[in-house]
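On a predicted model such as this, the values are computed, not experimentally measured, just so you know.
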Amino acid sequence: MYANEDFLLELLEENGTVSAPDLEGARHRKKNNQTVIDVLLETGKITEEDLAQTLAVSSGMDYIDLTRAEIDESLAETVDADAARRYKIIPVSYNGSEMKVAVADPLDFDTLDAVRHVIPHELDFVCAPMKQIKQLLIEFYGTEGLSDEQASELGAEGGIKVTDGAEGGEDGGEAPVIRLVGQMLQEAYQNKASDIHIEPMENEVRIRCRIDGALHKTAEHPLRLLSAIVSRIKIMTGTMSIAEKRVPQDGRIRATIGDKDLDLRVSTVPTSNGESIVMRILDKQSLLLGLPQLGFFSDDQENFNRLIRLPDGIILVTGPTGSGKTTTLYACLNEINKPDKKIITVEDPVEYVLSGINQVQVKEDIGMTFAAALRSILRQAPNIIMIGEIRDMETASIAINASLTGHLVFSTLHTNDAPGAVARMADIGVKRFLIASAVRAIVAQRLVRTICPDCAVPAEISEKDMRALNVDAAQMAGAEIKEGEGCRTCRMTGYRGRLGIYEVFNINDEVTHMINDELSTPQLRKKAREIGMRTLREDGVRKVLAGITTASEVVRVTMSDSD
C-alpha cells in the first residue's frame, strides 16, 4: 500500500501511464480490501516498474532496477531483519560514508524518517519496484519466524504442510532439522526447481536444485546432519524405513506450500559416504498447460490438434528422459478430455491425478505390469488409451492391436529423433507391417531454456552458431534475436523457464510403403523432411529468430541435421 495513493494516481494519469477510463473502471472493480492501484496492477493496466519510475521522478530520487544492479549482499547483515521487512528497504551499497538504500514509496516520509533512525549512516534513498524489494527481502532474510500472514504479505508462500505420510501437520516444529528440510522444500519450489539433490560428499552434505534443466548448488551442510535430514524426509513419506540404509528405497510426499498442492517423489540410494536422496517436485499447476504453452507454433499446433483427434492409431512421443514427454501427453489428454470420451491411462508411476480420466498404476511386484494392465483395460471399452512407455514386445503388441481395433493410443518411446522410432519398434520385435498400419504420427521433442524477460536485450548470432544452425542472411531479415544479460530474477543465467522444440513426423501412404519395405532410418528421415517435417534444430531456429531462446541453447540440445 502506498502512502499517498490519490496523488500517485494523479501523477500516473498526468504522465499518460494510465487513462481516465481505466482509473474509473478500477474504482468500480475495487473490492473491500483492495486499493485502486491493486486493481490496476491486477488487470495489467500498470506495472510495478511504472509506479516506481513515476514515484522516482516526482520525488527527485534515482530509479534503480534491483534485478540488474550490483548489490553488496553483505550489507544485509548490518540492517535488522525485522526493520528491513517492516519498512520494506534493501541496502544496496556503501562507499564508506554514505549508504544507498532502496525504498518502494518515497512519498512515505514517516517511513523515510524511521529508516534514518534505524541505519546509523548518511543515506541516499533510491526508488525500486515493490515486487523486487519483496523478493530480495525473502532472499536476504528468509521467512523463518514469520507467520503465514507476514510471509504472504512479502509475497512468500505459507508454511509447508505434509498432507500424507506418518507425520502429518505443519513443518513448523521447533526441531532444527524440521525447519531445515521445510526451508529446503520451500526455496526449491519458489525457484521453480524440478528436483532436489541431497548428496553426501566426503566432508559435507551438498544440496543442489535442478532449475530449468540445469543443476545449481544451493547449500552445504555438515556431514553430521545427513542422518537427521534423511530420517526426516523418510518420515515425511510415511512408507520408507529409517532403519534400512543398505538398499535403495522409493517413497512419496504430498505437501502443500501456501495454497499449492505438490507431489514429491523421493528416491534414496546408498553411496560410499551415506544415503543420497533425490526429490522430484511435481507441480500440479503444470497440468493447466495447453498446447500453445508447450511451445508449438501455430502451424505445428494445428497439425497436432488434428492428430490427437483421430479416431484410432498410435501417436508416439519420443525423446530422452527429462525431455517433457509426459507433460506433452497430459496436455493432449486435457485437450481431448470430454464427457463423451472414455480415457484410461497405464502409468508407472501415476505422476498427476487428472480429473475425469481413469488412471491405472503399474505394480510389477504383484504382476500388474503394463501388458497385464492393458489386457484388462481393453475390456473396459475405452476410446483413448495412454501408455506411460512402450518397453517390451508384449506391451507394444497389445498397444498395436488396440489401435487396430478402433482405439486411439498415446505412448512414449526413448529415441533420438522421430524417424528413429520406427527402428526402435522393430528392435523391440514389432513387425514392420504392423508399425506401418498402426502408427499415425511420431513426435520427437527436447526442452530448451527460454530467455529471461526481465534482462532480455537485442543480440546477434555468432558466425559459428549461424553455421551450426544453417542460418542465412535472408532468415535474419526481420528476426528479433535476443539474449539474457543475467539478473537476480534468473540467478544471473539469462534464462528463465523452458519450452519444447518439436519435430512432427506424419505417417502417410508413401511413408507406410517405405516402412513395409524396411528402408533405413536416414531414408525415412529424408522422406519426412520432403513431406514437410521440420527437424528439432529447424524448429529451434524458428524460436531463436523469434527471440524466445538462444542459438547456443538450440545447438546444445539438438543434433546436426546434416544427414
Side-chain angles (χ1 to χ4, degrees), residues 73-74 76-77 81 135-146 151 156-162 165-167 169-253 255 257 262-282 488 491-493:
E73 297 185 14
S74 65
E77 300 175 3
Q135 182 179 339
L136 288 184
L137 285 172
I138 295 172
E139 184 176 329
F140 289 166
Y141 301 107
T143 57
E144 187 174 340
L146 298 183
E157 305 292 346
I160 303 284
K161 295 183 181 178
V162 181
E167 190 173 305
E170 299 189 15
D171 272 0
E174 292 302 318
V177 70
I178 294 178
R179 293 198 301 271
L180 176 63
V181 173
Q183 185 177 5
M184 184 191 308
L185 295 178
Q186 196 158 347
E187 288 179 356
Y189 175 72
Q190 288 169 350
N191 288 324
K192 294 182 171 56
S194 59
D195 43 66
I196 306 169
H197 296 251
I198 303 170
E199 304 162 315
M201 301 288 103
E202 187 174 356
N203 297 310
E204 73 276 335
V205 179
R206 180 175 66 181
I207 311 296
R208 295 192 292 172
C209 290
R210 191 179 300 278
I211 303 170
D212 295 335
L215 281 170
H216 299 269
K217 181 177 174 181
T218 57
E220 280 185 359
H221 300 293
L223 192 59
R224 59 183 169 78
L225 293 181
L226 176 65
S227 178
I229 293 172
V230 172
S231 295
R232 171 59 186 161
I233 293 171
K234 287 182 175 180
I235 288 171
M236 290 170 72
T237 69
T239 59
M240 300 171 72
S241 170
I242 62 174
E244 182 57 78
K245 302 180 180 180
R246 300 166 299 171
V247 298
Q249 297 186 64
D250 294 305
R252 176 178 180 176
I253 299 171
I257 300 180
L262 299 180
D263 274 352
L264 294 96
R265 296 296 160 81
V266 183
S267 171
T268 69
V269 172
T271 71
S272 57
N273 295 314
E275 286 184 279
S276 173
I277 291 187
V278 174
M279 292 187 286
R280 186 181 180 195
I281 302 172
L282 304 176
R488 304 189 72 85
R491 303 171 64 89
M492 305 308 294
T493 63

[X] and [Y]: which non-hydrogen atoms are nearest, and at how many Å?
X	Y	result
Val247	Pro270	C-CD, 3.9 Å
Arg280	Asp195	CA-CB, 3.8 Å
Thr239	Gly251	OG1-CA, 4.1 Å
Ala188	Ile281	CB-CD1, 3.9 Å
Asn273	Glu202	ND2-N, 3.8 Å
Leu185	Leu264	CD2-CD2, 3.5 Å

Under 6.0 Å from the CD atom of Glu77, do we count more than 12 heavy atoms belonging to anything else shown?
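No, the 6.0 Å shell around CD holds no more than 12 heavy atoms from other groups.
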Criterion side-chain contact (heavy atoms from CB on, under 4.5 Å) on Glu187 and Thr218, from CA distance to verdict
CA-CA 9 Å; Glu187 288 179 356; Thr218 57; 5.6 Å; no
Qualifying residues under side chain to side chain donor-acceptor pair (under 3.5 Å), relative to Glu73, sequence neighbours excluded:
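Only Arg488 meet the side chain to side chain donor-acceptor pair (under 3.5 Å) criterion with Glu73.
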Contacts of Gln249 that satisfy side chain to side chain donor-acceptor pair (under 3.5 Å) - sequence neighbours left out:
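Partners of Gln249 under the side chain to side chain donor-acceptor pair (under 3.5 Å) test: none.
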Mind checking the [atom1]-[atom2] spacing from [X] to [Y]? Nearest 0.5 Å is all I need.
X	Y	atom1	atom2	value
Glu275	Ile242	CD	CD1	10.5 Å
Thr237	Ile233	OG1	CD1	9.5 Å
Ile277	Glu199	CD1	CD	11.5 Å
Leu215	Arg206	CG	CZ	8.5 Å
Arg179	Gln186	CZ	CD	13.5 Å

Check Arg246 with Glu244, please: is the shortest side-chain N to carboxylate O separation under 4.0 Å?
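Judged by the 4.0 Å cut-off on N to carboxylate O distance, Glu244 and Arg246 do form a salt bridge.
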Below 4.0 angstrom, N of the basic side chain to O of the carboxylate: do Asp263 and Arg252 qualify?
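Yes.
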Tell me if a side-chain donor or acceptor on Ser276 pairs with a main-chain N or O of Val269 at a distance below 3.5 Å.
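Looks like no, no N/O pair under 3.5 Å.
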Between Met236 and Met279, is a side-chain contact (heavy atoms from CB on, under 4.5 Å) present by the stated rule, with each step listed?
CA-CA 12 Å; Met236 290 170 72; Met279 292 187 286; over 6 Å; no
Apply side-chain contact (heavy atoms from CB on, under 4.5 Å) to residues Met184 and Ile198 and explain how you reach the verdict.
CA-CA 10 Å; Met184 184 191 308; Ile198 303 170; 3.7 Å; yes
Test item: Thr493 and Ile211 side chains (from C-beta on) under 4.5 Å apart, heavy atoms:
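In short, these two side chains do not touch, never coming nearer than 4.5 Å.
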Below 3.5 Å, can you tabulate the donor-acceptor pairs from side chains in residues 221-228 to any protein atom, sequence neighbours excluded?
none

Would you sort out whether His216 and Asn191 count as a side-chain contact (heavy atoms from CB on, under 4.5 Å), showing the intermediate values?
CA-CA 11 Å; His216 299 269; Asn191 288 324; over 6 Å; no
